[in-house]
Trainee: 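Below you'll find the structure I mean.
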Amino acid sequence: MALLMAGILAVFGWGLVAPFAYEPVGPRAFPMLTAVLIAFCGIVLLIGGGNDTEAVSRRTMTGIVMLTVTLLIYAVIFERLGYVPSTFLMSGIVARIFGASWIQATLSGAVLSVGSYLLFDRGLDVVLPAGILGGLF
């Protein structure tokens, strides 16, 4: 299954071509690298096989569903709200799902959202949506 997924990702990723070169690597690099990593993991599983697994607990399944919903909401609010506020909310909620206290979730959300924004925007020249904090950063 992993090899099939890697193949599909490679087919769709190969077709990604930017109309103009805005970054040195281009949009094709990430899906192709991901496809190679998934294919490698698939080959390792084919050679080594998998172990027997236990049934997923109700608590684990609830966490998976909550993470999925959180990431879907993040995708919806990302451009409207902007990178920093939406990443702050998403990472804080994810931290709470994994058992962090409110203070830990708030601090990690603040550090992750502002720190990664500054890294991408200032360090790597990747344009991220400013959203409601338009002139602040």
Trainee: Are F120 and L33 linked, directly or through other ILVMFWY residues, by side chains that come within less than 4.5 angstrom of each other?
Mentor: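 Cluster IDs for F120 and L33 differ.
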Trainee: Please report the interatomic distance CE(M1) to CG(L45), rounded to the nearest 0.5 Å.
Mentor: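 If I round to the nearest 0.5 Å, the distance is 12.5 Å.
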Trainee: Could you grab the distance from atom CD1 of I97 to atom CD1 of I64, nearest 0.5 Å is fine?
Mentor: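 Spacing of CD1 (I97) from CD1 (I64) equals 11.0 Å.
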Trainee: Can you tell me if M32 has over 12 outside heavy atoms packed within less than 6.0 Å of its CE?
Mentor: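 Yes, enclosed.
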Trainee: About how many Å separate OH of Y74 and OG1 of T87, when rounded to the nearest 0.5 Å?
Mentor: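 It is 3.0 Å, given to the nearest 0.5 Å.
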Trainee: Less than 4.5 Å apart, any side-chain heavy atom of L89 and any of I73?
Mentor: no
Trainee: Can you tell me how far the CD1 atom of I8 sits from the CD1 atom of I38, to the nearest 0.5 Å?
Mentor: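 Interatomic distance, I8 CD1 to I38 CD1, rounded to 0.5 Å: 10.5 Å.
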Trainee: Taking everything shown except I103 itself, do over 12 heavy atoms lie less than 6.0 Å from its CD1?
Mentor: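 No, not enclosed.
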Trainee: Which distance, rounded to the nearest 0.5 Å, do you find between the CE of M5 and the CG of L9?
Mentor: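 So the gap between those two atoms works out to 8.5 Å.
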Trainee: Establish whether L118 and V111 are linked, either directly or via other cluster members, by ILVMFWY side-chain heavy-atom contacts under 4.5 Å.
Mentor: no
Trainee: With clusters defined by side-chain heavy atoms of hydrophobic residues (ILVMFWY) lying less than 4.5 Å apart, directly or transitively, does L4 cluster with V36?
Mentor: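 No.
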Trainee: Kindly give the cluster partners of L46, where membership spreads through any ILVMFWY side chain lying under 4.5 Å from a current member.
Mentor: L3, I43, I47
Trainee: Out of curiosity, E79 CD to S86 OG, how far, rounded to the nearest 0.5 Å?
Mentor: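 With rounding to 0.5 Å, CD (E79) is 9.5 Å from OG (S86).
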Trainee: Heavy atoms only: give me the nearest T70-M90 pair and the separation to one decimal.
Mentor: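 Scanning both residues completely, I find the closest heavy atoms to be CG2-CG, 4.0 Å.
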Trainee: If I compare all heavy atoms of S116 with all of Y83, which pair ends up nearest, and what's the gap?
Mentor: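 It is OG-OH, 2.7 Å.
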Trainee: Going only through I, L, V, M, F, W and Y residues with side-chain contacts under 4.5 Å, is there a path from I77 to L112?
Mentor: no
Trainee: Do L67 and F98 have side chains that get closer than 4.5 Å, going by heavy atoms?
Mentor: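 In contact.
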Trainee: Examine distances only and state if a side-chain atom of S108 and a backbone atom of A105 form a donor-acceptor pair shorter than 3.5 Å.
Mentor: yes
Trainee: Could you list the residues that satisfy ring pair (Phe, Tyr, Trp, His ring centres under 6.0 Å) with F88, not counting sequence neighbours?
Mentor: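 None.
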